[in-house]
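To start, the structure itself, in structure tokens.
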Amino acid sequence: MPLTPTETKALLEEMGHRPDKRLGQNFLVDGNLVRKSMQMADLPPKSTVVEVGPGLGALTGALLDAGHCVYAVEREPVLVKHLRAYHADALEQERLDLFGEDAMDFPLARLPAEKGDFQIVANLPYAIASPWLEAVLAGGSMPTRMVLMLQKEAALRYQAEAGSKNYGALTIFLAAAYEVADQHPVSRTCFYPKPEVDSVLLRLDRKEPAGLFPKETRELIRRLFTRRRKQIGGLARTEEPAIHKAIEEWLEDQELSTALRPEQIPPECWWSLRLS
């Protein structure tokens, strides 16, 4: 279970580590939230779990105690050292693998193929949340379930409806592959140091089959959303002829007006956009 805020502060001082606000280092200090995370994850017995940002290891311990095999990715060297000492037995028993690197540089394809399906549990810093999630959606190795601790703003963006201010390219990519199965509001008081915003615990379950946009289609959609309030017909004319033609054929097939803006087109329509 997590330490109290006072205990967390004392441990960090003993380690000589000052939480880096730039990296979003806010440590979990609420045991109820650990239990809620495990409840929401509802992992099958002996699951393979990738934990991003284990910090001081509170959730790591809960996952190990439940009998799961954990691959933990932590970029901060002093925290890696702490985790190696705190979970020494699990490391020796090969129930825990600890990677001291940036989550953005950790390819999920590195997981042993014999482990089969895997899940992700992550306390994502705001600075990397969207690029990290997009990298997961672009990769060939996709978890069957993700339980993500996110800032509230990010969670709203990931499940936004077409036409809303939070709707964007990542909303579209995510909707093709995952559905929001559960969510739980998280107060800023659950962390030390206390962040300036509230968070959301979000569970995403992989769709079967999961939709993956080809690279060139993802790049086109991102490009179109940089001018999200321009008419799609006008934006199509700024693309090279082959892409222009593909967009026109797509609009006709979906019975979409060329006067629509990218932000008005729902995710299910974007899924049918193909450039070749």
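Everything numeric here is computed off the predicted structure, so don't read it as measured data.
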| message | Pair Val50, Phe118 - check side chain to side chain contact (heavy atoms under 4.5 Å, CB included), show working. | response | CA-CA 7 Å; Val50 177; Phe118 67 98; 4.0 Å; yes
| query | Does the pair Arg261 and Ile232 meet the rule for a side chain to side chain contact (heavy atoms under 4.5 Å, CB included), with working shown? | reply | CA-CA 5 Å; Arg261 303 188 295 270; Ile232 190 73; over 6 Å; no
| request: Please assess Tyr167 against Arg157 for the test side chain to side chain contact (heavy atoms under 4.5 Å, CB included), listing each intermediate value before the final yes or no. | output: CA-CA 6 Å; Tyr167 183 67; Arg157 189 161 63 248; over 6 Å; no
| task | Begin from the C-alpha positions of Ile243 and Glu216 and carry the test side chain to side chain contact (heavy atoms under 4.5 Å, CB included) through to its verdict. | result | CA-CA 10 Å; Ile243 295 179; Glu216 61 179 0; over 6 Å; no
| query | Hey, mind stepping through Thr238 and Arg227 against side-chain hydrogen bond (donor to acceptor under 3.5 Å, both in side chains) and telling me if it holds? | reply | CA-CA 12 Å; Thr238 67; Arg227 295 174 290 172; 3.3 Å; yes
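The shortest non-hydrogen separation linking Val73 to Pro54 is O-CD, 3.2 Å. Nearest heavy-atom pair, Gln231 versus Ala259, reported as atom, atom and distance to 0.1 Å: CG-O, 3.3 Å. What you find for Asp97 and Tyr71 is that their closest heavy atoms are OD2-CE2, 3.2 Å. Of all heavy-atom pairs between Thr189 and Val29, the closest is O-CG2, 4.1 Å. Residues Ala160 and Thr171 approach most closely at O-CG2, 3.4 Å, considering heavy atoms. Closest non-hydrogen pair, Pro267 versus Ala175, comes out as CB-CB, 3.9 Å.
With sequence neighbours excluded, no residue forms a salt bridge (charged side-chain N to carboxylate O under 4.0 Å, His left out) with Glu219. Annotation: side-chain contact (heavy atoms from CB on, under 4.5 Å) contacts of Asp253 (sequence neighbours excluded): none. Shown here are the side-chain contact (heavy atoms from CB on, under 4.5 Å) partners of Arg188, two or more places apart in sequence or in another chain: Lys194, Pro195, Asp198. Here Arg218 pairs with nothing under the salt bridge (charged side-chain N to carboxylate O under 4.0 Å, His left out) rule; sequence neighbours left out. For Gln151, the side-chain contact (heavy atoms from CB on, under 4.5 Å) test picks out Tyr126, Val197, with sequence neighbours left out. Considering only residues two or more places apart in sequence or on other chains, Glu248 meets the side-chain hydrogen bond (donor to acceptor under 3.5 Å, both in side chains) condition with His244.
Between the side chain of Glu94 and the backbone N or O of Ala90 there is no donor-acceptor pair closer than 3.5 Å. Looking at Thr8, its side chain does come within 3.5 Å of a backbone N or O of Thr4 through a donor-acceptor pair. At distances below 3.5 Å, not a single donor-acceptor pair connects side-chain atoms of His17 with backbone N or O atoms of Val78.
Rounded to the nearest 0.5 Å, atoms CG (Leu148) and CG (Leu201) are 8.5 Å apart. In this structure, CG in Leu12 is found 5.5 Å from CG in Leu56, a value given to the nearest 0.5 Å. Note that the CD atom of Glu74 and the CZ atom of Arg84 stand 11.5 Å from one another [nearest 0.5 Å]. Taken from CD in Glu76 to NZ in Lys81, the straight-line distance is 12.5 Å, to the nearest 0.5 Å. The OG1 atom of Thr60 sits 8.5 Å away from atom CG of Leu98, with the distance rounded to the nearest 0.5 Å. Distance check: His68 NE2 to Leu96 CG gives 13.5 Å after rounding to the nearest 0.5 Å.
With a 4.5 Å cut-off on side-chain heavy atoms, Ile120 and Val147 do not count as touching. In this structure the side chain of Val186 never reaches within 4.5 angstrom of the side chain of Lys152, judged on heavy atoms. Side-chain contact check for Tyr158 versus Leu133: some heavy-atom pair is nearer than 4.5 Å. Inter-residue side-chain proximity for Leu150 and Ser199 is flagged as unmet; no heavy-atom pair is nearer than 4.5 Å. With contacts defined as side-chain heavy-atom distances shorter than 4.5 Å, the pair Leu202/Met146 does not qualify. Side-chain contact check for Leu64 versus Val70: some heavy-atom pair is nearer than 4.5 Å. Within the 4.5 Å cutoff, no side-chain heavy atoms of Ser37 are placed close to those of His184. With a 4.5 Å cut-off on side-chain heavy atoms, Met149 and Phe191 count as touching.
Side-chain N/O atoms of Gln119 and Thr48 include no donor and acceptor closer than 3.5 Å.
The pair Arg203-Asp205 meets the salt-bridge criterion, with a side-chain N (NZ, NE, NH1 or NH2) lying under 4.0 Å from an Asp/Glu carboxylate O. Salt bridge status for Glu208 with Arg206: present, with a side-chain N to carboxylate O gap under 4.0 Å. Salt bridge Glu239/Arg223: present, at least one basic N to carboxylate O contact under 4.0 Å.
Trp132 and Leu156 are assigned to two separate hydrophobic clusters, defined by single-linkage of ILVMFWY side chains at heavy-atom distances under 4.5 Å. Note on Trp271: it clusters hydrophobically with Leu170, by side-chain heavy-atom contacts below 4.5 Å among ILVMFWY residues.
The number of heavy-atom neighbours closer than 6.0 Å to NZ of Lys36, taken from other residues, nucleotides and ligands shown, is above 12. Within a 6.0 Å sphere centred on NZ of Lys207, other residues, nucleotides and ligands contribute more than 12 heavy atoms. Within 6.0 Å of atom CZ in Arg237, 12 or fewer heavy atoms from other residues, nucleotides or ligands are found, so the atom counts as exposed in its surroundings. Counted within 6.0 Å of CZ on Arg110, heavy atoms from surrounding residues, nucleotides or ligands total more than 12; the atom is thus considered enclosed. A 6.0 Å sphere centred on CD of Glu252 holds no more than 12 heavy atoms belonging to other residues, nucleotides or ligands.
Aromatic pair Trp270/Phe225: ring centres closer than 6.0 Å. For Phe173 and Phe213, the gap between ring centers is short of 6.0 Å.
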